[in-house]
Enquirer: 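One structure follows; several queries about it will come next.
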Amino acid sequence: SFDDEPILKLSRYTHCQKCLDFVRQFKRIKETYGFNGLFDNLKNVLCSLLTNLFDIDVCQGYVDKYGPVFAESFFTKFFSGYFFCEKIELCPVETPKNYLSADIYAKNLIDNKKSKQKEQPKEGGKKIRMVQITDLHVDPKYQNGTSGNCNKPICCRNDSVSGNPEPHCGKYGFEGKCDIPKELLESFVDDAIKRNIDFIIWTGDNAPHDTWEGEQPKVYEISQTIKDTIDSKFNNGDTKIPVFYSLGNHEKYPNDDYKDNESEMLENMTKIFDNYLDDNAKSTFREGGYYTMKYKDTNLRIIALNCLVCDCFNFNMFNSTKAHAKAMFKWLEGELQKAEEKGEFVYILNHFPLNGDFTLTECAKRFQALFDRYEYNIRGIFSGHTHLDDIEGISEYFNHDKIIHLNYIAPSFTTFTYLLPSYRIYTIDEETMQVLDYEQIRFNLTKSNEEE
C-alpha cells in the first residue's frame with residue numbers, strides 16, 4: 001500500500017473544525033476564480049525579469065507547460081483538510097488500520113527470503129555481449145554549422161544566436177549545450193553492429209531538451225526515427241538482435257507530467273515498439289508502461305519498469321492516488337516470485353537509478369525491499385538518466401553496510417551535459433548471467449567533425 005495519508009480525527013476539536021471551515025472557504029474562492037489569468041500575468045512579469053538567463057519565449061513556455069499543473073496539484077494537496085490542518089497541528093490524526101508501512105512490507109517480504117548464494121562464473125564459460133544505450137535525446141532541429149553558444153536551454157539550431165559566432169556545431173554533434181543529430185545515431189549503429197553483440201537494452205529518453213516548446217506527437221516521431229535507425233542494421237534480413245526498451249521521463253511531454261490516465265501515450269508507444277514485444281509484453285506495456293520477456297532460449301528474464309509512475313519530479317504526484325505505482329509493484333513482486341519458482345535469473349531495467357534520488361521515497365523503499373528479498377534471482381539492475389558514467393551499490397533493506405546488488409548507470413549518448421557520446425557493452429557469463437566486465441565506447445567528436 002502507498003496509503004501514507006493519515007485519517008483525520010474530526011470529532012470534538014474546535015480548532016480543527018475552524019481550520020477545516022477556513023480550508024473550505026479557501027477552496028470555494030479557488031473554485032470560483034480558478035487560476036485563470038494568473039499565469040498569463042505571472043509569466044509576463046517573471047520572464048521580463050529573467051531575460052538575462054533565458055529568451056522570453058523559453059521562460060514563457062516553461063510557465064505555460066508547468067505552471068498550471070504545479071499550482072493545481074500543490075493547491076489540491078496542501079490546502080486539503082487532510083494535510084493543511086494536520087501539518088499546522090490543529091487537527092489530530094490516526095493511522096489507517098490497513099496502512100502497511102515500507103518497513104513492515106519489507107519485513108514481511110524478507111522473512112520469506114531464500115538463503116541461497118549466487119554461483120561463481122566458471123573460467124572459460126560461454127559469454128554474452130549486451131549493449132546498453134541510454135539518453136539519446138535526438139534533436140530533429142539540430143543544424144550543422146550553427147552556434148554552440150546561445151541563451152536557450154539547447155543550442156545548435158537555426159535560432160541559436162549569440163554575440164560570439166564561435167564555436168560552430170559539427171556534423172556529428174557538439175560537446176556542450178546541444179542534443180545530437182541523426183548522423184551521430186547512424187554512426188553508433190554502424191559502429192555497434194561490428195562489435196559482435198547479442199542483444200541491446202535501451203533505457204529511455206529519446207526526445208531533445210526543448211521542454212518549453214516540445215509536443216507529445218514529436219516524442220513519437222523521434223522514438224520511431226531512433227527505432228527505425230536501430231532496426232535498419234540490427235533487425236534487417238538475417239540479422240535479428242533482440243532489443244529491450246524501457247520508458248524515460250522525456251517520453252512524456254511536458255517532461256515528467258505523467259497523469260493517472262495516460263492510455264493514449266502508452267498505446268502509441270506500444271505501437272512504436274510492437275516488434276520488440278511479445279503478446280503478453282504488449283498487454284502490460286499498453287496498460288502500465290512496463291513488461292517482462294525472456295531473452296531467447298536462455299534462463300534470463302528481462303523486467304522493464306516505468307520510471308514515470310514513481311517520478312518525484314512529477315507535480316501530479318502531490319495528490320495522486322499512485323494507483324499506477326501500486327499496480328506496478330504488485331505486478332513486479334508477482335513476476336519476481338514466478339522467476340524464483342522457475343529458477344530464472346532477472347535483469348531489471350529502469351530509466352531512473354533505483355537509489356531513491358529520483359523516485360518517490362515510498363517507491364525507493366519498496367524497490368530496495370524487493371531487491372533484497374529476491375537477491376539470488378536478480379543478476380543485474382540497469383539505468384540511465386544522470387548522463388554520467390556510474391555504478392552504485394544497493395544494500396540490504398535493514399543492513400545498509402551490506403551491498404547485495406550493483407546498479408549499472410550508463411552514460412548518455414547525447415552531448416547535452418558537455419560530455420562525449422557514450423555507450424556500454426557488457427560481457428556476461430551465460431550460465432550465471434552475472435556481469436563480468438564492460439567496455440565503455442566513446443565517440444571522438446573532434447576527429448569525426450574535422451574529417452567532414
Side-chain angles (χ1 to χ4, degrees), residues 65 131-142 153-154 156 173 176-182 184-185 188-189 192 200-230 243-258 262 265-266 268-270 272-273 276 285 289-291 304-314 348-355 357-359 381-390 407-424 443:
K65 289 185 180 295
V131 161
Q132 182 182 7
I133 51 173
T134 193
D135 298 88
L136 286 89
H137 297 286
V138 175
D139 186 4
K141 294 186 178 180
Y142 183 98
I154 58 174
C156 297
K177 200 171 60 171
C178 303
D179 282 317
I180 68 167
K182 187 182 176 186
L184 182 58
L185 174 64
F188 151 70
V189 172
I200 298 170
I201 58 172
W202 171 4
T203 47
D205 268 14
N206 304 332
H209 292 84
D210 57 354
T211 309
W212 76 96
E213 64 176 9
E215 298 174 346
Q216 189 65 48
K218 295 295 182 183
V219 178
Y220 306 143
E221 292 176 16
I222 294 166
S223 298
Q224 187 71 62
T225 295
I226 298 173
K227 178 183 174 295
D228 290 346
T229 305
I230 290 172
V243 180
F244 301 96
Y245 168 78
S246 62
L247 289 168
N249 62 308
H250 275 256
E251 270 72 291
K252 183 69 179 71
Y253 260 67
N255 299 157
D256 309 283
D257 185 25
Y258 195 84
E262 293 289 356
M265 173 225 174
L266 294 175
N268 280 297
M269 296 303 283
T270 303
I272 292 169
F273 296 103
Y276 292 170
F285 193 66
Y290 45 83
Y291 67 92
L305 302 176
N306 180 358
C307 71
L308 287 156
V309 303
C310 286
D311 185 352
C312 65
F313 293 99
N314 181 2
I348 304 286
L349 314 184
N350 191 65
H351 177 67
F352 292 154
L354 290 164
N355 55 11
D357 289 346
F358 304 98
T359 59
I381 301 169
F382 303 90
S383 305
H385 185 66
T386 67
H387 294 200
L388 302 176
D389 172 13
D390 209 352
N407 190 175
Y408 296 96
I409 305 167
S412 65
F413 205 75
T414 185
T415 56
F416 179 73
T417 41
Y418 295 83
L419 299 169
L420 290 173
S422 304
Y423 71 96
R424 281 182 180 175
F443 189 87

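One-based numbering along the sequence shown.
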Enquirer: Report yes or no: is the cationic atom of Lys227 (NZ for Lys, CZ for Arg) closer than 6.0 Å to the six-membered ring centre of Tyr276, at no more than 45° off its axis?
Expert: yes
Enquirer: Decide side chain to side chain contact (heavy atoms under 4.5 Å, CB included) for Phe273 and Tyr291; before the verdict, give the C-alpha distance in whole Å, the side-chain angles of both, and the deciding distance to 0.1 Å.
Expert: CA-CA 12 Å; Phe273 296 103; Tyr291 67 92; over 6 Å; no
Enquirer: With side-chain contact (heavy atoms from CB on, under 4.5 Å) as the test, pick out the partner of Arg424 among Thr134, Ile201, Ile409, Asp389.
Expert: Asp389
Enquirer: On a heavy-atom basis, which atom in Ile381 and which in Leu354 lie closest, and how many Å separate them?
Expert: CG2-CD1, 3.7 Å
Enquirer: For a quick test of reading the model, state the closest non-hydrogen atom pair linking Leu349 to Ser246 and the distance between them.
Expert: CB-OG, 4.0 Å
Enquirer: When rounded to the nearest 0.5 angstrom, what distance separates CG in Asp135 from OG1 in Thr414?
Expert: 8.0 Å
Enquirer: With sequence neighbours left out, write down each residue that passes disulfide (SG to SG under 2.5 Å) with Cys178, or none if nothing qualifies.
Expert: Cys156
Enquirer: Quick check: do Ile154 and Trp212 have side-chain heavy atoms less than 4.5 Å from each other?
Expert: yes
Enquirer: Specify whether Phe358 and His385 have parallel, tilted or perpendicular ring planes, treating 30° as the upper limit for parallel and 60° as the lower limit for perpendicular.
Expert: perpendicular
Enquirer: How far does CG of Leu419 sit from CZ of Phe413, to the nearest 0.5 angstrom?
Expert: 13.0 Å
Enquirer: Can you give me the closest heavy-atom contact between Tyr220 and Met265, atom names plus distance?
Expert: OH-CA, 3.2 Å
Enquirer: Quick check: does any side chain N or O of Ser383 sit under 3.5 Å from a backbone N or O of Asn350, one acting as donor and the other as acceptor?
Expert: yes
Enquirer: Indicate yes or no: at least one non-hydrogen side-chain atom of Tyr245 is less than 4.5 angstrom from one of Ile230.
Expert: no
Enquirer: Distance only, no hydrogens: is a donor on one side chain within 3.5 Å (strictly under) of an acceptor on the other, for Ser223 and Glu251?
Expert: no
Enquirer: Side chain to side chain contact (heavy atoms under 4.5 Å, CB included) between His137 and His387: does it pass, once the steps are laid out?
Expert: CA-CA 11 Å; His137 297 286; His387 294 200; 3.6 Å; yes
Enquirer: So, for Gly384 and Thr203, which heavy atoms are closest and what is the spacing to 0.1 Å?
Expert: N-OG1, 4.2 Å
Enquirer: Show, in sequence, the C-alpha distance, side-chain angles and deciding distance for Glu213 and Lys141, and conclude whether the side chain to side chain contact (heavy atoms under 4.5 Å, CB included) test is met.
Expert: CA-CA 12 Å; Glu213 64 176 9; Lys141 294 186 178 180; 3.4 Å; yes
Enquirer: Just verifying a value: how many Å separate Thr359 OG1 and Leu305 CG, rounded to the nearest 0.5 Å?
Expert: 11.0 Å
Enquirer: Within the 4.5 Å heavy-atom criterion, are Glu262 and Asn306 side-chain neighbours or not?
Expert: no
Enquirer: Mind checking what makes side chain to side chain contact (heavy atoms under 4.5 Å, CB included) contact with Pro181, not counting sequence neighbours?
Expert: Tyr142, Glu183, Leu184
Enquirer: For Asp311 and Leu308: C-alpha separation, side-chain torsions, deciding distance, then whether side chain to side chain contact (heavy atoms under 4.5 Å, CB included) applies.
Expert: CA-CA 5 Å; Asp311 185 352; Leu308 287 156; 4.0 Å; yes
Enquirer: Taking Asp179 for its side chain and Asp139 for its backbone only, find out whether a donor-acceptor pair lies under 3.5 Å.
Expert: no
Enquirer: Indicate yes or no: at least one non-hydrogen side-chain atom of Gln132 is less than 4.5 angstrom from one of Tyr423.
Expert: no
Enquirer: Rounded to the nearest 0.5 Å, what's the gap from CD1 on Ile348 to CG on Asn407? Could you check?
Expert: 10.5 Å
Enquirer: Describe, in one word, how the ring planes of Phe416 and His209 are oriented to each other, choosing from parallel (under 30°), tilted (30 to 60°) and perpendicular (over 60°).
Expert: parallel
Enquirer: What is the distance from atom CD1 of Ile226 to atom NZ of Lys182, rounded to the nearest 0.5 Å?
Expert: 10.5 Å
Enquirer: Quick one: closest heavy-atom pair of Pro353 and Thr386, and the distance?
Expert: CG-CG2, 3.8 Å
Enquirer: Surrounding NZ of Lys65 (heavy atoms of other residues, nucleotides or ligands, distance under 6.0 Å), is the total greater than 12?
Expert: yes
Enquirer: Indicate whether the side chain of Asp210 and that of Tyr253 have a donor and an acceptor atom separated by less than 3.5 Å.
Expert: yes
Enquirer: Verify the distance criterion only: is there a donor paired with an acceptor across the side chains of Asn255 and Asn249 at less than 3.5 Å?
Expert: no
Enquirer: Applying side-chain hydrogen bond (donor to acceptor under 3.5 Å, both in side chains), name anything that partners Asp228, two or more places apart in sequence or on another chain.
Expert: Gln224
Enquirer: Say you draw a straight line from CZ of Phe443 to CG of Leu420; how long is it, rounded to the nearest 0.5 Å?
Expert: 9.5 Å
